[in-house]
Trainee: 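Structure in structure tokens, see below.
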Amino acid sequence: MKKLFALAVVALVSVAYSYAQEWQPYYVIEEVGQEETAMYWFQIDWKNKLFFLDSDSEDETKGVMKNYKESGTKKSFDVYYAVGSGYENEMLYSIVFDKEEGEDRYSITRTMQGTTHKQKFIVSTKKPVDVSNPEDMLKGGSSPKDAIKQGVNKALDKINIFKKKK
């Protein structure tokens with residue numbers, strides 16, 4: 001009986017996992033026309049047609065994708081308020097998602113509802129390295145210890161007093 005119960009639990013978890021949301025993060029490399037970007041990332045669940053925006057406003061962070069169209073490398077859709085928000089029938093903005101030239105580069109153009117104001121973002125699925133974050137900086141080595149050792153060796157090579165002068 002215990003084996004049957006365990007098997008049922010495993011089956012239930014695997015079914016739930018297969019229907020789970022499949023978020024693909026897109027990290028902002030550049031906000032076109034701006035010195036600094038106002039966004040850090042977007043997430044899109046292409047399978048379940050959901051859109052998540054890095055924003056301070058709870059209302060505009062998670063939305064439902066409607067009017068989805070695909071043409072060549074372009075995908076366009078409208079983002080509506082999330083189910084349960086009380087505004088399900090109101091559109092937040094329109095999105096045009098397009099493949100840019102180069103590897104792993106996309107553009108996301110966002111047009112706010114009721115305006116002609118467009119924001120264009122160049123994004124990538126690869127998380128950018130944050131130079132202020134030591135963990136990101138150490139990713140080059142196989143371990144933090146190796147990365148520190150490499151850095152010390154490079155510094156010592158530059159100031160090696162035992163080098164023969166030419």
Trainee: Could you work out, with side chain to side chain contact (heavy atoms under 4.5 Å, CB included) as the rule, every residue matching T109, not counting sequence neighbours?
Mentor: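 Only V96, K118, K120 meet the side chain to side chain contact (heavy atoms under 4.5 Å, CB included) criterion with T109.
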Trainee: With the side chain counted from C-beta on, respond yes when Y93 and T111 share a heavy-atom pair under 4.5 Å apart, and no when they do not.
Mentor: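 Of all side-chain heavy-atom pairs linking T111 with Y93, none is under 4.5 Å.
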Trainee: Within the supplied structure, the quantity of interest is the number of heavy atoms (other residues, nucleotides, ligands) at a distance under 6.0 Å from K99 NZ; does it exceed 12?
Mentor: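 It does: K99 NZ has more than 12 such atoms within range.
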Trainee: With sequence neighbours excluded, tell me which residues meet side-chain hydrogen bond (donor to acceptor under 3.5 Å, both in side chains) with K66.
Mentor: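 Counting only residues at least two positions away or on another chain, K66 forms no side-chain hydrogen bond (donor to acceptor under 3.5 Å, both in side chains).
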Trainee: Return the set of residues passing side-chain hydrogen bond (donor to acceptor under 3.5 Å, both in side chains) with E70 (not counting sequence neighbours), or none when no residue passes.
Mentor: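 Once residues adjacent in sequence are excluded, the partners of E70 under the side-chain hydrogen bond (donor to acceptor under 3.5 Å, both in side chains) criterion are Y68.
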Trainee: Once side-chain hydrogen bond (donor to acceptor under 3.5 Å, both in side chains) is applied, do any residues pair with N67, and if so which ones, sequence neighbours excluded?
Mentor: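 Once residues adjacent in sequence are excluded, the partners of N67 under the side-chain hydrogen bond (donor to acceptor under 3.5 Å, both in side chains) criterion are D78.
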Trainee: For Y106, which residues count as a side-chain hydrogen bond (donor to acceptor under 3.5 Å, both in side chains) partner, sequence neighbours excluded?
Mentor: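 Not a single residue meets the side-chain hydrogen bond (donor to acceptor under 3.5 Å, both in side chains) criterion with Y106.
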Trainee: What residue among F42, W46, F77 forms ring pair (Phe, Tyr, Trp, His ring centres under 6.0 Å) with F97?
Mentor: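 Answer to the ring pair (Phe, Tyr, Trp, His ring centres under 6.0 Å) test with F97 among F42, W46, F77: W46.
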Trainee: Could you state the interatomic distance from CD (E90) to OH (Y80), rounded to the nearest 0.5 Å?
Mentor: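 Taking CD in E90 and OH in Y80, the distance rounds to 10.0 Å.
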Trainee: Find the distance between CG (L53) and CD1 (I108) and round it off to the nearest 0.5 Å.
Mentor: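 One finds 9.0 Å between CG of L53 and CD1 of I108.
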Trainee: Starting at OG1 of T125, measure out to CG of D104 and round the result to the nearest 0.5 Å.
Mentor: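 Answer rounded to 0.5 Å: 3.0 Å.
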Trainee: By side chain to side chain contact (heavy atoms under 4.5 Å, CB included), which residues pair with E31, not counting sequence neighbours?
Mentor: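 By the side chain to side chain contact (heavy atoms under 4.5 Å, CB included) rule, E31 matches Q34, T37, A38, Q119, F121.
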Trainee: Fit a plane to each ring of W41 and F52, take the angle between them on a 0 to 90° scale, and name the class: parallel (under 30°), tilted (30 to 60°) or perpendicular (over 60°).
Mentor: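 Parallel.
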Trainee: Are side-chain heavy atoms of M65 and I44 found at a separation under 4.5 Å?
Mentor: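 M65 reaches I44 side chain to side chain.
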